[in-house]
Amino acid sequence: MKLKPSYQIFILAAIVMCVYYPALSAGVCSVDDSRIIAAYDAGAGKTLAGLFRPSGSYYYRPLVELSYYLDNLLWSLHPRFMHLENVLFHALSTMLLFLVGRQLAEAWSIKARWFPLAAAILFAVHPINTEPVTWIAGRTDPLAAVFVFAGLWCLLRCLSMDRLLFLCPALLLFVMGVLTKEIAICFLPVGMLLAACWPSPVRSRRIALLVLGGVAACCVFLLLLLAAHSPTLSVSNLVSRQAGGALAAWQTVTSALGFYLKKLFLPLPLNFAIDAVSALYLVPAILFLLLLPFWLKKRSLAAVLAAACCIFMLPALVVSLGHVAWTPFAERYLYLPSAFMCLAVAGQASVMLERVDQQQFLLG
């Protein structure tokens, strides 16, 4: 029996609510949550215009700040409602991921009707996403994911329907994602990757590549300009903080990649604060980096999505160098990468099962 997409979306929302309803009574975490409530309560003096004005703080995330500002206006920063918002953002990002999966299944001619739903369910219940969903301060990831997945859906509609009109909302949603959390900037290389590997040679593919490439070049220029005037964010400063210099920095980043790859497939046990990872994680990281280019040559959906997962992991690898966030390694950094991993796993499984069915049909 084939379920309508609207029914499948309802199932996803119900799954998320069933899994995360205990978070509504989680209260306030002593790490960051209490500071957020203190910063945005009625006596903090926050103004709507001030939220969008750069204040010289370490982060510029006005849309997340706006959500906390509205929390104060609507329900006085009550923890139960703030936790509910996080769960709803996770449900919305799960439903948008389902829609993205439907577009990818159509483009890559995946016959398994269960592929988008399976990928979305896996993302909805993946243990690695527990921290960003249940931690009030972790809202940045689910909210940024809403804009990233909505933007990707518009971009995929642009490519599948060969209509450039969808490129405008895709770029607008990208900007909103960046104003929520910096990791959303990875939307640009992932969008370029999807456009470059798109199975059908549509006219909008080249134009989308040019537009996304132009925006990416502008972003790189701005980042280099920012790094040049900010000693905290410069690459040389990050590398110099490593005891062994560039070699130690490479080992740290590569070990972090192997650690995060392991966490995507074997997330348990969960850990809130991780300050070091074993050098043994170099092995899976190096193997993955060596195999990925050969896998990408096939332009299979699973390979493209695995590369997208790796791209969205890049900010977490930079953080692993230390002094960028309060913890150099964290499971919450994998919220967006886990979505592409779920799509890749479900997509590869559907292709393998389809091949098995074909072989059984030929043998039968």
Begin with the C-alpha distance, continue with both residues' side-chain angles, and end with the deciding distance and a verdict on salt bridge (Lys or Arg N to Asp or Glu O under 4.0 Å) for Lys181 and Asp141.
CA-CA 7 Å; Lys181 190 174 183 180; Asp141 290 286; 2.9 Å; yes
Can you find a side-chain donor-acceptor pair between Tyr335 and Ser93 that sits under 3.5 Å?
yes
Between Arg139 and Asp71, does the salt bridge (Lys or Arg N to Asp or Glu O under 4.0 Å) criterion hold? Intermediate values first, please.
CA-CA 12 Å; Arg139 179 182 300 178; Asp71 284 342; 2.9 Å; yes
What I want to check is whether the side chains of Asn129 and Ser338 have a donor and an acceptor closer together than 3.5 Å.
yes
Return yes if a side-chain donor-acceptor contact under 3.5 Å exists between Thr252 and Trp250, otherwise no.
no
Can you get from Leu280 to Leu287 by hopping between Ile, Leu, Val, Met, Phe, Trp and Tyr side chains that sit under 4.5 Å apart?
no
Is the distance between the ring centroids of Phe174 and Phe147 less than 6.0 Å?
no
Is there a donor-acceptor contact under 3.5 Å from the side chain of Glu331 to the main chain of Asn271?
yes
Any chain of hydrophobic side-chain contacts (each under 4.5 Å) joining Leu268 to Leu264?
no
What one should report as the nearest heavy-atom pair of Cys18 and Tyr21 is O-CD2, 3.1 Å
Consider only side-chain heavy atoms of I, L, V, M, F, W and Y, link residues closer than 4.5 Å, and tell whether Phe52 and Val175 are in one cluster.
yes
Which side-chain N or O atoms in residues 289-301 pair as donor and acceptor under 3.5 Å with protein atoms at least two apart or in another chain?
unit_1	atom_1	unit_2	atom_2	d
Arg299	NH1	Ala196	O	3.2
Ser300	OG	Ala303	N	3.3

Taking all non-hydrogen atoms of both residues, which atom of Leu97 and which atom of Ala120 are closest, and how far apart?
CD2-CA, 4.4 Å
If every non-hydrogen atom of Leu261 is compared with every non-hydrogen atom of Pro284, which pair is closest and at what distance?
CD1-O, 4.3 Å
Is there a path from Leu188 to Leu210 through hydrophobic residues (I, L, V, M, F, W, Y) whose side chains come within less than 4.5 Å of each other?
no
Heavy-atom nearest pair, Gly151 first then Ala170, reads O-CB, 3.5 Å
Heavy-atom closest pair, residues Cys342 and Ala119:
CB-O, 3.6 Å
Ile183 and its side-chain contact (heavy atoms from CB on, under 4.5 Å) partner, picked from Val148, Val178, Leu336, Thr140
Leu336
So Phe340 and Val345, do their side chains get closer than 4.5 Å, heavy atoms only?
no
Compare all side-chain heavy atoms of Ser109 with those of Pro199 and state whether any distance is below 4.5 angstrom.
no
Angle class for the Tyr281/Phe259 ring planes (parallel below 30°, perpendicular above 60°, tilted otherwise)?
perpendicular
Let me see the working for Met341 and Phe265 under side chain to side chain contact (heavy atoms under 4.5 Å, CB included), right down to the final yes or no.
CA-CA 9 Å; Met341 184 277 294; Phe265 292 95; 4.0 Å; yes
Going by the angle between their ring planes, with limits at 30° and 60°, are Tyr40 and Tyr68 parallel, tilted or perpendicular?
tilted
When every non-hydrogen atom of His83 is compared with those of Ala23, the smallest separation belongs to CG-O, 3.2 Å
Spatial distance of atom CG (Leu155) from atom CZ (Phe166) [nearest 0.5 Å]
11.5 Å
Side chains of Trp198 and Trp108: does their closest heavy-atom pair fall under 4.5 Å?
yes
Could you check if a side-chain atom of Leu152 sits within less than 4.5 angstrom of a side-chain atom of Phe187, using non-hydrogen atoms only?
yes
Regarding Ser204 and Arg163, is there a side-chain donor-to-acceptor distance under 3.5 Å anywhere?
no
Could you state whether Phe10 and Leu99 fall into the same hydrophobic cluster, counting links through intermediate Ile, Leu, Val, Met, Phe, Trp or Tyr residues with side-chain heavy atoms under 4.5 angstrom apart?
no
Using a 4.5 Å cut-off on heavy atoms from C-beta on, say whether the side chain of Met95 contacts that of Val16.
no
Val87, Asn86, Ile15 screened by side-chain contact (heavy atoms from CB on, under 4.5 Å) with Tyr20, the one that passes:
Val87
